Amino acid sequence: MKKYTLIIACLISLGTQAQSFVNGSFEKNSFTKSCGYNLSNSEINAALDGTVAFAEFEKVDILKAGCIIESVADGEVALGIANDPANPESGEAISLELTETLKEGEYYKISFKVMAITKYGPQGDLLIGSSPKADDFGVKAIKAISKEGEWATITFLLRAKKDDKFITIKPVAGVKSWNIIDDFKLEALSQEEADAWFDEVMKED
């Protein structure tokens, strides 16, 4: 009887694990250098679990404290994502895998940290989307505005339009921007929780 009770308890525990990003803070990695600037898509994809770089401008950065930034928002690693300085209409893009597929019509609260680096160009915004494929931006969810030289927390509500498995990030085209991103989190919300969150945001505005 005790054996059966133990098995049931384990199944309940596994079934109640919260949906999240596979590697939202980029800490699951095999990167051993202190600073990794201008890495190819294949280098990023090999070094980071649950993260896929897929755009034509292949120069995503893996950064630690002391690599252009004084601190990392969460853990030891953050990512740098930019547009091509020579052709800012072309930029980098990455996708972050979720532990479970988004359910169409359900609400999700997503947050992350972002910092604009303006040493080599102006501040530029980011586009956040959701996609069923790791190598496609998919559908735009929001435009995120970064702050120069400091970590800003971006939080938004997403109502899934399809069964997507990836959250995607890319710079707004046309600006020679460079942003550092970290600490992606996701929380599934009920209709009541989503309404309450939205009401609170409207009060703050």
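Throughout, numbering of the chain's residues begins at 1 and tracks the sequence. These figures come from a predicted structure and were not determined experimentally.
- Using a 4.5 Å cut-off between side-chain heavy atoms of Ile, Leu, Val, Met, Phe, Trp and Tyr, with links allowed through other members, L158 and L186 fall into the same hydrophobic cluster.
- Panel note: side chain N29, backbone E27; a donor-acceptor pair is recorded below 3.5 Å.
- S146 contributes atom OG, which lies 9.5 Å from atom CD1 of I180 (distance to the nearest 0.5 angstrom).
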Determine all donor-acceptor pairs shorter than 3.5 Å in which one atom belongs to a side chain in residues 102-113; sequence neighbours excluded.
| unit_1 | atom_1 | unit_2 | atom_2 | d |
| --- | --- | --- | --- | --- |
| Y108 | OH | K103 | N | 2.8 |
| K113 | NZ | D183 | OD2 | 2.8 |

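- If you take CZ on F198 and NZ on K203, they are separated by 12.5 Å, rounding to the nearest 0.5 Å.
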Chi angles and distances behind the side-chain contact (heavy atoms from CB on, under 4.5 Å) call for F166, V52: CA-CA 10 Å; F166 302 90; V52 173; 5.5 Å; no
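- The side chain to side chain donor-acceptor pair (under 3.5 Å) search around S40 returns S42, E43, not counting sequence neighbours.
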Give the table of side-chain donor-acceptor pairs shorter than 3.5 Å for residues 126-135, with sequence neighbours excluded, one pair per line with atom names and distance.
| unit_1 | atom_1 | unit_2 | atom_2 | d |
| --- | --- | --- | --- | --- |
| S130 | OG | D164 | OD2 | 2.8 |
| S131 | OG | K133 | N | 3.0 |
| S131 | OG | K133 | O | 3.0 |
| S131 | OG | D136 | O | 2.9 |

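- Counting heavy-atom neighbours within 6.0 Å of Y120 OH, excluding the residue itself, gives a total of 12 or less.
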Name the atoms and distances for all side-chain donor-acceptor pairs under 3.5 Å in residues 56-65, with sequence neighbours left out.
| unit_1 | atom_1 | unit_2 | atom_2 | d |
| --- | --- | --- | --- | --- |
| E58 | OE1 | N41 | N | 2.9 |
| D61 | OD1 | N38 | N | 2.8 |
| D61 | OD2 | W178 | NE1 | 3.0 |
| K64 | NZ | K33 | O | 3.3 |

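- Hydrophobic clustering keeps F184 apart from V72 (ILVMFWY residues linked when any side-chain heavy atoms are closer than 4.5 Å, directly or through intermediates).
- Within the structure, side-chain hydrogen bond (donor to acceptor under 3.5 Å, both in side chains) pairs that include any residue of residues 148-160 comprise T118-E148 (at least two apart or interchain).
- Applying the disulfide bond (SG atoms under 2.5 Å apart) test to residues at least two apart or on different chains, none of the pairs has a partner in residues 151-201.
- Grouping the Ile, Leu, Val, Met, Phe, Trp and Tyr side chains by contacts below 4.5 angstrom, directly or via other members, places F21 with F156.
- Considering all non-hydrogen atoms of both residues, G91 and A55 come closest at O-CB, 3.1 Å.
- Applying the disulfide bond (SG atoms under 2.5 Å apart) test to every pair with at least one member in residues 64-120, sequence neighbours left out, gives these pairs: C35-C67.
- The disulfide bond (SG atoms under 2.5 Å apart) pairs that include a residue from residues 157-199 number zero, where partners must be two or more places apart or lie in different chains.
- Residues passing the side chain to side chain contact (heavy atoms under 4.5 Å, CB included) test with S20 are T99, sequence neighbours excluded.
- Once rounded to the nearest 0.5 Å, the distance linking CG of D49 with CG of N23 reads 5.5 Å.
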Contacts under 3.5 angstrom, residues 73-83 side chains, donor-acceptor by atom type, not counting sequence neighbours:
| unit_1 | atom_1 | unit_2 | atom_2 | d |
| --- | --- | --- | --- | --- |
| D74 | OD2 | S25 | OG | 2.6 |
| N83 | ND2 | V172 | O | 2.9 |
| N83 | ND2 | V175 | O | 2.8 |

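- One finds the NZ atom of K170 at 13.5 Å from the CG atom of D125 (value rounded to the nearest 0.5 Å).
- With rounding to the nearest 0.5 Å, the separation of CE in M202 from CD in E200 is 12.0 Å.
- With hydrogens and angles ignored, the 3.5 Å screen pairs no side-chain donor or acceptor of S90 with any backbone N or O of P88.
- I142 and I145 fall into different hydrophobic clusters, where Ile, Leu, Val, Met, Phe, Trp and Tyr side chains are chained together by heavy-atom contacts under 4.5 Å.
- Through side-chain heavy atoms spaced under 4.5 Å, either directly or across other Ile, Leu, Val, Met, Phe, Trp or Tyr residues, V139 is tied to no other residue.
- For the salt bridge (Lys or Arg N to Asp or Glu O under 4.0 Å) condition, the pairs that include at least one residue of residues 85-98, sequence neighbours left out, are E97-K165.
- Here the closest non-hydrogen pair linking N179 and G124 is ND2-O, 2.8 Å.
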CA sep, side-chain torsions, deciding dist, call: L48, I94, side-chain contact (heavy atoms from CB on, under 4.5 Å): CA-CA 11 Å; L48 295 166; I94 63 170; over 6 Å; no
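- Going from atom OG1 of T168 over to atom NZ of K140 covers 11.5 Å, rounded to the nearest 0.5 Å.
- Linking ILVMFWY side-chain heavy atoms closer than 4.5 Å, directly or via other members, places L96 and M115 in two distinct hydrophobic clusters.
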